[in-house]
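The figures here come from the full heavy-atom set of this structure, side chains too, leaving out hydrogens, waters and symmetry mates.
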Amino acid sequence: MKYRFSRNAHSALLISTLFILAEGCSTQPVATSPEPQVKPATAVESNVVEPSTIEPKAMAALQKMGGYLRSLKTFKVSFRLFKDEILLSGQKVMIDGASELTVQQPDRFHFSTKIDEAHRDQQFFYDGKTFTVYGNTNKFYASVAAPATIPELLDAASERYNITMPFADLFIWGTDKADPTAIKSAIYIGPTQINNVTCDHYAFQNEDVDWQLWIQQGDTPLPRRLVITTKEEEGQPQYISVMDWKLSPKINKQIFSFVPPKDAHKINLVANEVESDNMK
């Protein structure tokens, strides 16, 4: 969750660093990190109210949303992204970008993300057997054998290669991997409109981040907007994602498999020193 234009900062997303360095330099030094992540939570039953309030309605909303997301067999979601960067001068600037995720459960996805100011323009392919990362600008790609399901792949990519997908939380909410104790405060703010969709606005606090979530009302409790404020970073930078969903879209299955362009260059992913058995 560290977004700083700093010469000495270290990127936790190794493959992004490789692609970004090859795709060009900005007028300010850049260090790229994974998109902010919050630890999702399941519903909590408690009769004790801490000084920072935990409202059962807010926690139950996360549980309901997670259950609904796991019930979707296919979907496409577009993300409009805005995030703060801190210049070496200390000034905070906001940059924006766009991402798109296409999913066919349980074992296929395609993810693309583009942020011009960060020189990021990448695609991620997963077809149930192979996971591929491709840089659209420099034409570098890397492919590795992958486990059999999306959750297993997300875990293995993070553990073995330090690749943390910004959308990973969509597959964690309401599962046994969620950590309800990470949430120190959970409150309901009220109803509002996000792109003409009626949503309920919730606010949460973790130890190091404040985050807000807008969940669509009714029988389709989709996350429509997410705001994360990193409290421990200088300037408390924010990450904002606005989501547009298409349920049961028509999908060309070829989108999940990577076919190298003629001018593409293959490289190898560098694994962590402690190897995972999930991806080799």
Worksheet entry | hydrophobic_cluster_shared for V77 and I194, side chain cutoff 4.5 Å | no
Worksheet item: Of the non-hydrogen atoms in K64 and G218, which two are nearest, and what is the gap between them?
Response: NZ-O, 3.4 Å
Worksheet item: What closest approach, in Å, do I251 and V103 show between heavy atoms, and which atom pair accounts for it?
Response: CD1-O, 3.9 Å
Discussion item. Counting C-beta onward and ignoring hydrogens, is there a side-chain heavy-atom pair between F82 and V227 closer than 4.5 Å?
Written reply: no
Discussion item. Contact between F124 and I163 at the side-chain level, heavy atoms closer than 4.5 Å - yes or no?
Written reply: yes
Worksheet entry | Worked check of ring-ring contact (aromatic ring centres under 6.0 Å, His included) between F167 and F109 | CA-CA 11 Å; F167 60 83; F109 73 71; 5.3 Å; yes
Discussion item. For S158 versus T164, what's the shortest heavy-atom pair and its separation?
Written reply: OG-OG1, 3.8 Å
Worksheet item: Quick one: are I189 and Q212 in side-chain contact, heavy atoms under 4.5 Å?
Response: no
Fill in: Verdict with supporting geometry, Q193 and T198, side chain to side chain donor-acceptor pair (under 3.5 Å)
CA-CA 5 Å; Q193 296 280 314; T198 303; 2.6 Å; yes
Practice prompt. Give a yes or no answer on whether the side chain of R70 reaches the backbone of W173 with a donor-acceptor pair at less than 3.5 Å.
Written response: yes
Item to complete: Kindly indicate whether the side chain of I54, heavy atoms from C-beta on, has any atom under 4.5 Å from the side chain of M59.
Response: yes
Fill in: Nearest atoms (heavy-atom pairs only) where A58 meets I187
CB-N, 4.0 Å
Discussion item. Is the shortest side-chain heavy-atom distance between L62 and I183 below 4.5 Å?
Written reply: yes
Practice prompt. Return yes if a side-chain donor-acceptor contact under 3.5 Å exists between Q236 and T230, otherwise no.
Written response: no
Worksheet item: Is the closest side-chain heavy-atom distance between Y161 and V144 below 4.5 Å?
Response: yes
Discussion item. Determine whether a donor-acceptor pair (N or O, by modelled atom type, separation under 3.5 Å) exists between the side chain of T175 and the backbone of I172.
Written reply: yes
Worksheet item: Do D200 and Q217 get their side chains close enough for a donor-acceptor pair, meaning under 3.5 Å?
Response: yes
Worksheet item: Rounded to the nearest 0.5 Å, how far apart are CD of Q104 and NZ of K253?
Response: 5.0 Å
Worksheet item: Quick check: are there more than 12 heavy atoms from other residues, nucleotides or ligands sitting under 6.0 Å from NZ of K129?
Response: no
Discussion item. Would a single hydrophobic cluster contain both L154 and F256, if residues Ile, Leu, Val, Met, Phe, Trp and Tyr are joined by side-chain heavy-atom contacts under 4.5 Å?
Written reply: no
Response to the item:
Nearest heavy-atom approach of E207 to K184 is OE1-CE, 3.9 Å
Worksheet item: Atom CG in L222, atom CG in L72: separation rounded to 0.5 Å?
Response: 6.5 Å
Worksheet item: Who are the ring-ring contact (aromatic ring centres under 6.0 Å, His included) partners of F258, not counting sequence neighbours?
Response: F125, Y134, Y141
Fill in: Within-4.5 Å side-chain heavy-atom neighbours: Y126 and D107
yes
Practice prompt. Answer with yes or no whether the hydrophobic clustering places L81 together with W211; edges join I, L, V, M, F, W, Y residues whose side-chain heavy atoms lie under 4.5 Å apart.
Written response: yes
Worksheet item: So does Q254 have more than 12 non-hydrogen atoms from other groups sitting under 6.0 Å from CD?
Response: no
Worksheet item: F75 and F79: same hydrophobic cluster, using ILVMFWY side-chain contacts below 4.5 Å?
Response: yes
Discussion item. So does P223 get a backbone contact from the side chain of W245, meaning a donor-acceptor N/O pair under 3.5 Å?
Written reply: yes
Discussion item. Return the CD to CE distance between Q238 and M94, rounded to the nearest 0.5 Å.
Written reply: 6.5 Å
Worksheet entry | Worked verdict on R120 versus T113 for side-chain contact (heavy atoms from CB on, under 4.5 Å) | CA-CA 7 Å; R120 179 184 298 174; T113 182; 3.9 Å; yes
Worksheet item: Taking side chain as C-beta onward, heavy atoms only, is E117 less than 4.5 Å from D96?
Response: yes
Discussion item. Check this for me: D219, atom CG, are more than 12 non-hydrogen atoms of other residues, nucleotides or ligands nearer than 6.0 Å?
Written reply: no
Practice prompt. Output the distance between atom CE (M243) and atom CG (L101), rounded to the nearest 0.5 Å.
Written response: 11.5 Å
Item to complete: Taking T53 for its side chain and E55 for its backbone only, find out whether a donor-acceptor pair lies under 3.5 Å.
Response: no
Practice prompt. Among H110, K114, E100, find the residue that satisfies the side chain to side chain donor-acceptor pair (under 3.5 Å) test when tested with Q123.
Written response: H110
Worksheet item: When rounded to the nearest 0.5 angstrom, what distance separates OH in Y68 from CG in L247?
Response: 4.5 Å
Fill in: Shortest non-hydrogen contact from C199 toward R224
SG-CG, 3.7 Å
Worksheet item: Taking D127 for the side chain and T130 for the main chain, is one N or O donor matched with an acceptor at less than 3.5 Å?
Response: yes
Worksheet item: Would you say the side-chain atoms of N206 pair up with the backbone N or O of D208, donor to acceptor, closer than 3.5 Å?
Response: no
Worksheet item: Where the side chain of N272 meets the backbone of R160, is there a donor-acceptor pair that is under 3.5 Å apart?
Response: yes
Practice prompt. Hey, can you tell me if H201 and W214 have their rings parallel, tilted or perpendicular (30° and 60° cut-offs)?
Written response: parallel
Discussion item. Tell me whether M65 shares a hydrophobic cluster with F171, the cluster being built from Ile, Leu, Val, Met, Phe, Trp, Tyr side chains joined at under 4.5 Å.
Written reply: yes
Worksheet item: From F131 CZ over to S143 OG, what is the distance, rounded to the nearest 0.5 angstrom?
Response: 9.5 Å
